[in-house]
Structures are given as C-alpha cells and as structure tokens.
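Reading through the structure tokens given below for one structure.
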Amino acid sequence: MGYEEIFPQNDLKGWHANAAKRFASPFVDNYHDRIDVDPIMLSNAAVHTGFTIRDFYEKPELGIHCVGYVAELFDLLPVTHWFFSLPWVRELGVTLEYKDTLPPVSTGPILDPEADLDKIEALEPIGKEELKKGSTIPLFYGLYDYVQQNLPHTLVPISYGFDLCGAGSELIGVENFIMWTFTEPDLAHKLIDTYVETSINGADVLSDKYGMAMLIVGSILANNDIFADEQVEEFSAKKMRHYVDQCFRRGAGPQIFYHLCGNHETDYKVFKKNLVWSPFNVLHIGYKGQSEFPSELLKEEFQDVTTIMGSVDTKLMISPNPKKVYDKAKETLLAGRDAKKGYILGTSCETPPYTIPGNLLALTRAARDFGTYGTW
C-alpha cells in the first residue's frame, strides 16, 4: 500500500483553490482572503497524523504527504515542502545519522584542521554528474516525482542551500571552523565555498528536470550570538548572494525563501545590502536577542524589497496556552500586516515536533481575525 492510500485527497475546489489564491497574493499585489500562515511545518505534520519524527525524515514521501494533509487541517500553505538542514554534505563525505527525535545529524567532522591541510586546500565542489550519482539528487528526484504523481496541486520543486556557512563548517567541526574564521579565514572560506558551489550545482540539476526550482537559503550558524556583523557579512550574507545569483543564472528561482535563524540583533542590516531581491522572495528573521524579531523593524527595514514573515516564538507553540499564542500572533499581525510587499505570519523557526494542535489553530484564528486591513 502506498502512502497516497492512507490520506484522503485535499479539497481541491474549496480549501486548496482558496489557499492558492491567498498564497499568491503578496507577489501579485492582489490581496485575497487574509494573510497567510506559514509555521514552517515539517516533522510536526508526521506527529499530527500518527507517525514519528524519524518516519518524517526516513520516509520523505510519507513526510511530504503528511505536510500536505495537515496544511488543510490548519488552513496553511497550499504547497508542500520537505527538507533537513544538511543537504549536499553527504556528497562531500559527511555521514548523517537518523535520530528518533531529531532531523538527520552529522556523525562528526571528516577532516582534521591540523593534519589534513593538504586535503582541505585541495577540496573541489561536486559536479553535476557526480551529484546525480550521490544521495541528495536521487532523494529529491524520487520525492518530487512522487508529489507530481500523487499531490500535483502541491508541487513546488525546491533546492536547498540552507545554512551555507554552517554546512561548510561540518567538514572540520563547528568549533574548529569558528576558530578558523579568526585564525585561518582563507581556509574557512575554502570550506564554505566548496559547499556553496556544490549546492549551486545541485540547484542546476534540479532546475534541469523541474524548471525554475524555488530556493531556500539561510544564515543559521552565522548570527550575532557567535559573530560580529562584519563576520556575518563575510562568511554568510555575501555567500548567500553568490549562491542565489549563480542559481538564477543556471535556471533556478526566481522564488526565494531567506531564513535567518537565531539571533540577528544587529547583523540584519548586512543582509539588506547584500542579498539578491527578486519579485518573488520572502524574508524571515527569527530573533532579535532573546525575543522574536519585531515585525515593526522587519517592515521598516525590508518592506520595500521583499515580502516579510513575522514570528511567534516557537517556545509558545509547545506551551499549553493557546490564548497566549493568539495574543502574540495578534500583536505580530497588527505590527506587520500592512507591509508594502506583503506579510506572512510564521513561527521563529520550524514548528516544534510536539507543537500543541490548539496553538496552531490559534495562529490561523488570529490571521482570520487580524490578518486583513484597509479594503480587504
């Protein structure tokens, strides 16, 4: 029995047709229904439907079907996505291990920063033909072909650069990499650039097959808890710009989701002047210090160049207090809903796997109650 036999089909003429118009509205300047809710739904969808976190990651077709089904349950996005934070690293030699309660994680560095300098200096990106024989491309081919066949109304082929700085650091270990950004910056750049160029080739391969693949790219390791603004710019923002520029030149895009995870208290300014802004991009920043990044500031700084996505703290999503979630969502919506290029209500990072269903409903309820303005 295939996974498609477990789930009833989405309501295409009712829910999905309306959700699709709402999803498109920020990019076509034609407001429809209300502001969208995107809680970055991943393994929580599997938990909601009776499966496990590990099921979500080990069985991508099941995982993406769960996302498509739960999206209708909570009136979220009409498209599906499935990913984890370390695509393309296996092709570079990193081993990933599946966990019961986590996404796949690296088993440890593969290069010694002292003993393997020659190997590090000789690193080369993985080419397109080699990628086709690796782990990541066959995984996404199988996943997107499955969606085309069984959930075609939700298909958005996506290529992930994700955390360019953090993924590159996995080759020698995060602690060693952070030290290298101070003591051996050229070698730190070498690690990131190898991963960046490999990710660009991956986007190229996916766009060859599926057309203009959407891009998701972010800055996670490079944030103000670890680096000063200048280092975030050097080791992350400029790398993201290069990644998107080259992906566009090879046929991927033009839709982009920029995800700045963690604390970007002051470094948010370096992204504004460095990133590529297309007519179809969304910018999401998780935190400013220990609090959600304010929608007022997000709007003030970025509304002229991108659709913005405001945040409700993920800590609230696992707290048994839907009213608190609703009130925070209301506050966030009122602060950002009139952004010039549109606004989306989200959570400060991925929806926690054990998010309380009532808290997700609170996000949607708040969007219905306060996610309109003017003459909607």
Side-chain angles (χ1 to χ4, degrees), residues 22-31 34-40 77 161-165 214-220 222-225 227-230 232-234 236-245 247-248 253-289 291-313 328-329 331-349 367 370-374:
R22 185 171 64 227
F23 179 70
S25 65
F27 310 115
V28 297
D29 197 25
N30 183 20
Y31 297 127
R34 60 164 171 82
I35 281 169
D36 230 333
V37 177
D38 179 9
I40 314 182
L77 304 184
F162 213 69
D163 184 15
L164 301 175
C165 178
M214 177 183 172
L215 303 173
I216 292 183
V217 61
S219 185
I220 300 171
N223 69 76
N224 280 146
D225 283 338
F227 294 123
D229 295 358
E230 294 78 10
V232 173
E233 180 174 30
E234 180 182 354
S236 185
K238 289 183 177 180
K239 306 298 184 183
M240 291 166 65
R241 179 181 182 85
H242 176 74
Y243 169 79
V244 173
D245 175 75
C247 287
F248 277 14
Q255 190 169 3
I256 318 164
F257 180 61
Y258 288 119
H259 174 60
L260 310 185
C261 192
N263 173 25
H264 294 276
E265 188 165 6
T266 58
D267 69 36
Y268 65 88
K269 294 181 179 180
V270 309
F271 291 97
K272 184 174 183 180
K273 67 181 181 180
N274 279 288
L275 298 185
V276 174
W277 303 109
S278 87
F280 304 102
N281 44 247
V282 176
L283 173 71
H284 177 233
I285 307 180
Y287 290 93
K288 185 176 187 287
S291 301
E292 305 100 325
F293 198 90
S295 284
E296 299 95 328
L297 181 57
L298 196 62
K299 180 175 69 175
E300 177 186 339
E301 289 289 329
F302 294 99
Q303 67 173 339
D304 290 326
V305 293
T306 181
T307 301
I308 57 174
M309 182 164 138
S311 295
V312 171
D313 196 337
K328 174 54 72 171
E331 176 187 324
T332 301
L333 284 159
L334 293 177
R337 65 185 186 179
D338 60 346
K340 291 180 183 178
K341 290 185 175 291
Y343 184 84
I344 298 169
L345 175 64
T347 50
S348 53
C349 195
F370 303 101
T372 61
Y373 60 92

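Computed from a prediction, not measured in an experiment: that's the story for all the values here.
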Would you say the side-chain atoms of [X] pair up with the backbone N or O of [Y], donor to acceptor, closer than 3.5 Å?
{"X": "Y243", "Y": "G161", "value": "yes"}
{"X": "R337", "Y": "T372", "value": "yes"}
{"X": "K299", "Y": "D338", "value": "no"}
{"X": "Q255", "Y": "M214", "value": "no"}
{"X": "K272", "Y": "E301", "value": "yes"}

Margin query: Taking side-chain hydrogen bond (donor to acceptor under 3.5 Å, both in side chains) as the criterion, tell me which of D29, D304, T306 meets it with K340.
Written below: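 Answer after filtering D29, D304, T306: D304.
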Do you know which two heavy atoms are closest between [X] and [Y], and how far apart they sit?
{"X": "D313", "Y": "E292", "answer": "N-OE2, 3.0 Å"}
{"X": "T307", "Y": "P26", "answer": "OG1-CB, 3.7 Å"}
{"X": "G371", "Y": "L333", "answer": "CA-CD2, 4.2 Å"}
{"X": "R22", "Y": "S25", "answer": "O-OG, 2.8 Å"}
{"X": "S219", "Y": "A222", "answer": "OG-O, 2.7 Å"}
{"X": "L275", "Y": "A237", "answer": "CD2-O, 4.0 Å"}

Notebook entry, point to check: Hey, which of F302, Y268, F257 is the one that makes side chain to side chain contact (heavy atoms under 4.5 Å, CB included) with L283?
Noted result: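 That would be F302.
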Margin query: Is it the case that the side chains of Y343 and S295 hold a donor-acceptor pair, with the cut-off being a distance below 3.5 Å and no angle test?
Written below: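 Their side chains do contain a donor-acceptor pair, which is all the 3.5 Å distance test asks for.
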Checklist line | Donor on one side chain, acceptor on other, H242 and D245, under 3.5 Å | finding: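 No, no side-chain donor-acceptor pair sits under 3.5 Å.
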Within this structure, what is the [atom1]-[atom2] distance for the pair [X] and [Y], rounded to the nearest 0.5 Å?
{"X": "Y287", "Y": "C349", "atom1": "OH", "atom2": "SG", "answer": "7.5 Å"}
{"X": "I308", "Y": "L345", "atom1": "CD1", "atom2": "CG", "answer": "11.5 Å"}
{"X": "D36", "Y": "M309", "atom1": "CG", "atom2": "CE", "answer": "10.0 Å"}
{"X": "S311", "Y": "D38", "atom1": "OG", "atom2": "CG", "answer": "10.0 Å"}

Please tell me if the side chains of [X] and [Y] come closer than 4.5 Å, counting only heavy atoms from C-beta onward.
{"X": "K239", "Y": "C165", "result": "no"}
{"X": "N274", "Y": "M240", "result": "no"}
{"X": "L260", "Y": "N223", "result": "no"}
{"X": "Y258", "Y": "V217", "result": "yes"}

Next item on the list: Test D229 against N224 for side chain to side chain contact (heavy atoms under 4.5 Å, CB included), laying out the working first.
Entry: CA-CA 7 Å; D229 295 358; N224 280 146; 3.0 Å; yes
Notebook entry, point to check: Should the ring pair F23 and F27 be called parallel, tilted or perpendicular, given that the plane angle runs from 0 to 90° and is split at 30 and 60?
Noted result: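 It falls in the perpendicular class, over 60°.
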Check: Does the pair I344 and H284 meet the rule for a side chain to side chain contact (heavy atoms under 4.5 Å, CB included), with working shown?
Finding: CA-CA 9 Å; I344 298 169; H284 177 233; over 6 Å; no
Check: Run the side chain to side chain contact (heavy atoms under 4.5 Å, CB included) check on F248 and S278 step by step: do they pass?
Finding: CA-CA 10 Å; F248 277 14; S278 87; 4.1 Å; yes
Notebook entry, point to check: In terms of side-chain geometry, is the basic nitrogen of K328 or E331 positioned less than 4.0 Å from the acidic oxygen of its partner?
Noted result: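 Salt bridge flag = yes for E331 with K328.
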Item checked: Centroid separation F271 to W277 less than 6.0 Å ->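 Not close enough - the centres of the two rings lie 6.0 Å or further apart.
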